[in-house]
Amino acid sequence: MLEGKYNPETLDAAAQALWEAEGVHRYDRDSTAEIYSIDTPPPTVSGSQHIGHVFSYTQAECIARYQRMLGKNVFYPFGFDDNGLPTERLTEKEHGVLGREMPREAFVALCRETSARYKKEFEALWRSLGFSSDWSLVYSTIDERAIRISQRGFLDAYAKDQVYQHTSPTLWDTETQTAVAQAELESKDKRTKMNDLRFDLVAGGGVDGGHIVIATTRPELLCACVAIFIHPKHPQAAELLGQKAKVPLQDIEVEILADDKVDPEKGTGIVMCCTFGDKTDVEWYQKHRLDLRQGIGRDGRMTDLAGPEANLFANQARRAILERLTESGHLLGQEEIANAVNVFEKTGREIEFLPTKQWFIKVLDKKAKLVELGEKIRWHPTHMGKRYRNWVEGLDWDWCISRQRFFGVPFPVWFCEGCEHVFTAPEAWLPVLDHSNHEITDPCPSCGGTSWRPENDVMDTWATSSETPEINAQWGEPTPPDACPLPMTMRPQAHDIIRTWAFYTIVKSWIHFGDIPWADVMVSGHVQVGGRKKISKSKGNAPTDPNDMVRDHGADATRYWALSATLGNDYVYSEDDLKQGRRLCVKLWNASKLAQTHLQGFDRSAVTAAPLPVDTAIRTSLADTVRKASLDLDRYEFGIAKGVIEQFFWGELCDNYLEMIKNRLYDESPEGAEAREAARAGLYDVLYGVIRLLTPFTPHVTEAVYQALFRASEGTTSVGKAPWPSAEAPEGANEATAAWDAGVSVLTAVRRWRSEEKVSPGKPLSRVEVRAGADVAASAAAVAEDVKAAARIAELVVTEDESLDPGAVALQSAELAEPPAA
RNA sequence: GGGCGGAUAGCUCAGCUGGUUAGAGCACCUCGUUUACACCGAGGGGGUCGGGGGUUCGAAUCCCUCUCCGCCCA
């Protein structure tokens with residue numbers, strides 16, 4: 001029974017308890033139905049979830065529910081991305097420790113504890129929103145299965161020659177002291193000084209009096225200067241090429257070389273090359289086979305090469321050496337400029353380039369193939385595919401996957417101490433959690449040595465999260481009890497990580513299977529706050545906490561908000577949407593309570609009465625709504641679908657149909673029995689239809705209605721397992737709809753008259769005459785009784801007026817009924 | 001500088017394979033408690049669809065251009 005007012009607090013909990021107890025959302029491993037699998041993004045366990053998570057995850061959840069109601073076997077797992085740097089940094093912050101300053105085992109244990117705690121919190125939020133995930137399929141990227149599959153993925157790539165180890169200048173973060181990948185960079189505008197420095201030219205044995213001027217933002221790197229470059233077409237090129245210059249304050253003479261990468265417009269058109277100030281330096285170092293003079297160490301401090309500035313951090317060294325350059329007269333000028341620098345997204349620190357040995361996955365050699373794969377995938381909205389393509393085409397580096405960190409998936413690899421030959425773990429050893437648990441008994445096949453050194457680096461988080469389809473499919477596992485086939489059906493994710501998560505996943509899938517990882521990608525937008533600002537943790541401008549949202553507005557209203565956007569578009573947070581969602585739930589609750597009073601003891605299967613035109617018309621409208629909503633949901637446009645459904649429910653079912661059938665419903669006389677039965681059947685059908693349509697959006701309130709009014713007769717345990725309603729129009733749809741339209745036109749005319757004349761809708765009218773256009777005049781009679789009921793008219797006269805448009809109605813006269821005697 | 005979006009009512013957004021007087025919700029104004037619902041109902045005001053060109057019988061919709069905003073890259 002539906003009793004009292006709509007109360008999401010009790011109703012949400014009851015629905016969720018039912019789903020849990022009945023296992024409603026279990027993936028059915030024995031089913032032969034078509035599988036719809038979703039590669040859910042495992043949220044990063046890095047502190048707190050914000051409303052952006054609720055926004056995008058709910059959008060995918062809506063699709064899961066829709067597909068399930070279409071009869072598909074929905075594989076909808078949940079995962080958590082808890083390995084890697086984000087968890088390390090959270091743990092370091094919470095415990096006031098530094099991973100590199102404590103024993104590795106102890107730090108890893110702390111990380112595990114931290115991630116387990118947050119995981120619990122995360123799961124509680126998703127459950128409170130009514131997510132229809134199969135919680136038995138949950139994974140975490142640091143659990144044994146994920147590690148095993150991640151390592152299997154690495155070994156597969158290694159065996160296929162898709163992974164290599166290489167010492168080269170690598171993107172390096174000096175705060176976390178690890179290599180990072182291109183995708184983890186952000187560019188930031190910084191105010192800095194461009195310094196004009198005098199470099200004296202040397203000829204023969206010494207300075208000959210001539211000099212050149214070089215502009216640099218990084219004078220601290222003078223100690224690492226290895227060459228000077230000039231554009232071959234620079235006016236001074238002919239005279240300077242082949243000469244040498246003395247680096248100010250350093251005991252270094254470097255050659256002046258030509259390269260067309262020098263921008264002749266920038267600075268003086270002559271630049272120094274240091275190892276390494278930026279990416280161009282790296283390119284020149286490799287192309288011109290320059291010396292290596294490493295000025296900055298792994299910890300961001302200057303090396304001994306810096307002389308007096310050794311051990312200072314780069315920015316301190318910059319100040320110090322500028323003082324010395326001023327004193328020595330080498331600093332000729334300074335200008336404040338805005339300079340775009342690359343920083344590591346996790347720390348905000350400027351990236352350095354350090355020559356270190358790292359593991360790389362080959363991507364540059366397969367750009368064309370990756371573009372092609374991207375075109376095989378259906379991107380929703382389509383323009384997101386262009387972003388992927390744009391990223392792939394702009395790649396400059398292979399994918400560096402090794403990190404000099406602690407809490408991550410170990411490389412299942414050892415090196416021969418004698419010859420650095422690589423030993424890879426056999427399959428039976430996976431997961432390799434601790435290298436010391438395994439003993440290599442064979443001698444090195446290359447040098448015969450017997451001493452092996454484990455690889456202590458760990459894999460970057462993305463190296464594992466790029467394997468989520470494989471983790472879901474339980475790729476390579478001995479007995480896959482609930483695996484889904486690959487490629488999966490759909491990947492939901494936000495647009496900012498197309499360049500990372502989507503891209504890396506496609507790379508891995510290509511390497512492992514030569515195929516796409518999923519057929520569809522559903523790309524959601526971001527939540528913004530007033531003024532189209534990005535929500536960011538650092539600004540602390542999140543309008544609300546997701547848990548508060550659910551608590552204050554209910555799960556369904558929260559979902560309603562998230563499902564009000566169009567796919568891929570950023571959406572400004574608005575509390576109005578939450579209120580509107582709540583209103584919809586209240587409306588559905590109240591309409592259902594009305595239905596409940598009239599459907600007591602009603603047996604749908606025993607109905608013999610023929611439907612009246614309005615009953616057929618509302619069924620027709622329902623079918624049309626189903627058709628439209630399905631088309632939108634098929635293309636992942638949940639927001640449009642929701643609008644269509646809402647319009648049907650509120651604007652047609654509540655505002656007109658319920659009003660029109662009220663008299664019939666309340667009429668318990670024997671003469672009215674048949675008309676009443678037809679009305680009850682109509683009410684039953686359209687309400688049952690509309691709660692099913694709304695279930696992907698507001699599953700809790702629709703579940704309450706289903707359990708109270710439909711479960712006994714329909715049989716299915718949950719509305720979430722009920723079949724999606726049919727889009728097939730009933731017999732006589734066209735005539736009925738014409739009659740309905742005529743009736744609504746008359747009804748609207750009477751309502752307008754009441755409003756203009758300030759006559760309460762409740763006051764009965766004894767007689768109303770309207771003039772009507774041809775169409776209305778022809779059809780109105782068929783629905784006259786129901787219109788009279790809704791409009792509270794005793795006698796209705798419709799006269800055709802050829803001067804009116806066919807669908808128009810003009811009220812001619814209306815008479816108030818005598819007020820009842822006091 | 002390049003790529004991709006966006007700019008429509010006070011606010012948040014639909015509409016954009018060109019075609020009746022450009023829509024919705026909220027907000028605002030007027031009226032009204034009928035036995036599902038005042039978290040309601042009825043009615044109403046409010047927009048030269050960012051600016052400027054062009055194509056067309058006809059443009060919010062297509063083309064060009066400019067301005068501003070967001071994301072990604074350089």
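Scope of the values below: all heavy atoms of this structure, side chains included, with no hydrogens, waters or symmetry mates. Chain letters run A, B, ... following the sequence lines, proteins first, then strands; residues in each count from 1.
C26(B) sits 12 Å from A9(B) when the C1' atoms are compared, rounded to a whole Å. To the nearest whole angstrom, the two C1' atoms, one in C68(B) and one in U30(B), are 39 Å apart. Comparing the C1' positions of C31(B) and U35(B) gives an interatomic distance of 22 Å, to the nearest angstrom. Between G6(B) and G58(B), the two P atoms lie 27 Å apart (nearest whole Å). Using atom C1' as the reference point in both A60(B) and G18(B), the two lie 10 Å apart (nearest Å). One C1' atom belongs to C29(B), the other to G46(B), and the distance between them is 11 Å to the nearest Å.
Between Phe503(A) atom CZ and C73(B) atom C1' there is a gap of 14 Å when expressed in whole angstrom units. Distance, Ile498(A) CD1 to G70(B) P: 19 Å, rounded to whole Å. One atom, CZ of Arg582(A), and another, P of C39(B), lie 11 Å apart when rounded to the nearest Å. The nearest whole Å value for the distance from the CD atom in Glu393(A) to the C1' atom in G3(B) is 10 Å. Atom pair Lys579(A):NZ and C26(B):P shows a separation of 11 Å (rounding to whole Å applied). Look at CH2 on Trp501(A): it is 22 Å from P on C71(B), rounded to the nearest Å. Taking atom CG of Asp570(A) as the reference point, atom C1' of G5(B) lies 8 Å away to the nearest angstrom. Straight-line distance from the NE2 atom of His380(A) to the P atom of G5(B): 16 Å, rounded to whole Å.
The structure places OG of Ser564(A) at 12.0 Å from CZ of Arg559(A), a figure rounded to the nearest 0.5 Å. Here OG of Ser592(A) is found 6.0 Å from CG of Leu2(A). Values are rounded to the nearest 0.5 Å. Taken to the nearest 0.5 Å, the CG atom of Asn590(A) stands 11.5 Å off from the CD atom of Gln596(A).
For Lys763(A), the NZ atom is loosely surrounded, since the number of other residues' heavy atoms within 6.0 Å does not exceed 12. The environment of CD in Gln600(A) is crowded: more than 12 heavy-atom neighbours from other residues, nucleotides or ligands sit within 6.0 Å.
Considering Arg582(A), Glu646(A), His553(A), Arg583(A) as possible partners of Tyr560(A), the one that fulfils the side-chain hydrogen bond (donor to acceptor under 3.5 Å, both in side chains) test is Glu646(A). The one candidate from Phe276(A), Phe229(A), Phe353(A) that meets the ring-ring contact (aromatic ring centres under 6.0 Å, His included) condition with Tyr285(A) is Phe276(A).
Contact between Asp667(A) and Arg676(A) at its shortest, heavy atoms only, is O-CD, 3.2 Å.
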- Item | Intra- and inter-strand pairs of RNA chain B in dot-bracket (Watson-Crick or G-U wobble, both distances under 3.5 Å; | for another strand) | ((((((((.[[[[.)...(...]]]].(((((.......))))).....[[[[[..)....]]]]]))))))).
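Although no hydrogens or angles enter the test, the distance criterion places a donor-acceptor pair under 3.5 Å between the side chain of Asp398(A) and the main chain of Val363(A).
For the residue pair Tyr657(A)/Asp786(A), the side-chain donor-acceptor check at 3.5 Å is not satisfied.
Residue Ile640(A) has its side chain nearest to G15(B) when only C13(B), G43(B), G15(B) are considered. The side chain of His383(A) lies closest to G5(B), out of A42(B), G70(B), G5(B). For Asp396(A), taking side-chain heavy atoms from C-beta onward, the closest of the listed nucleotides G41(B), A74(B), C71(B) is A74(B). Relative to the side chain of Arg387(A), the nucleotides G41(B), U12(B), C71(B) differ in distance, and C71(B) lies closest. For Arg499(A), the side-chain atoms get nearest to C72(B) when compared with the rest of A74(B), C37(B), C72(B). When the nucleotides A74(B), C40(B), C37(B) are ranked by their closest atom to the side chain of Trp650(A), C40(B) comes out on top. Comparing A42(B), C71(B), G2(B) by their closest approach to the side chain of Asn390(A) singles out G2(B). Out of C40(B), C13(B), G5(B), the shortest distance to the side chain of Tyr571(A) is found at C13(B).
Among the atoms of the strands shown, none is found under 4.0 Å from any heavy atom of Ser564(A). Heavy atoms of Thr566(A) sit under 4.0 angstrom from primed sugar atoms or phosphate atoms, though from no base atom. Backbone-only engagement by Trp391(A) is indicated by non-hydrogen atom pairs under 4.0 Å involving sugar-phosphate atoms exclusively. Among the heavy atoms of the strands, none lies under 4.0 Å from Cys585(A). Nucleic acid contact for Leu2(A): none, since no nucleic acid atom lies under 4.0 Å from a heavy atom of the residue.
Heavy-atom distances to RNA chain B give each of Asn656(A) and Gly394(A) a nearest nucleotide, and the one nearer the 5′ end belongs to Asn656(A).
Put simply, the side chain of Lys587(A) and the base of C37(B) share a donor and an acceptor less than 3.5 Å apart.
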Protein N or O to nucleotides 21-25 of chain B N or O, pairs below 3.5 Å:
residue	atom	partner	partner atom	Å
G25(B)	O2'	Gln580(A)	OE1	3.4

Under-3.5 Å N/O pairs linking protein and nucleotides 29-35 of chain B:
residue	atom	partner	partner atom	Å
G32(B)	O2'	Ser760(A)	OG	3.2
U34(B)	O2	Arg792(A)	NE	2.8
U34(B)	O2	Arg792(A)	NH2	2.8

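Between Phe503(A) and Tyr388(A), the ring-plane angle classifies as tilted under the 30° and 60° cut-offs. Trp561(A) and Tyr573(A) have perpendicular rings, their planes meeting at more than 60° on a 0 to 90° scale where under 30° would count as parallel.
OP1 or OP2 of A14(B) lies within a sub-4.0 Å distance of a side-chain N or O belonging to Asn569(A).
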- Would Asp548(A) and Arg551(A) satisfy salt bridge (Lys or Arg N to Asp or Glu O under 4.0 Å), going step by step from the backbone distance to the final call? CA-CA 5 Å; Asp548(A) 294 346; Arg551(A) 190 196 57 216; 3.2 Å; yes
- Message: Pair Arg680(A), Glu677(A) - check salt bridge (Lys or Arg N to Asp or Glu O under 4.0 Å), show working.
- Response: CA-CA 5 Å; Arg680(A) 292 169 96 191; Glu677(A) 189 182 68; over 6 Å; no
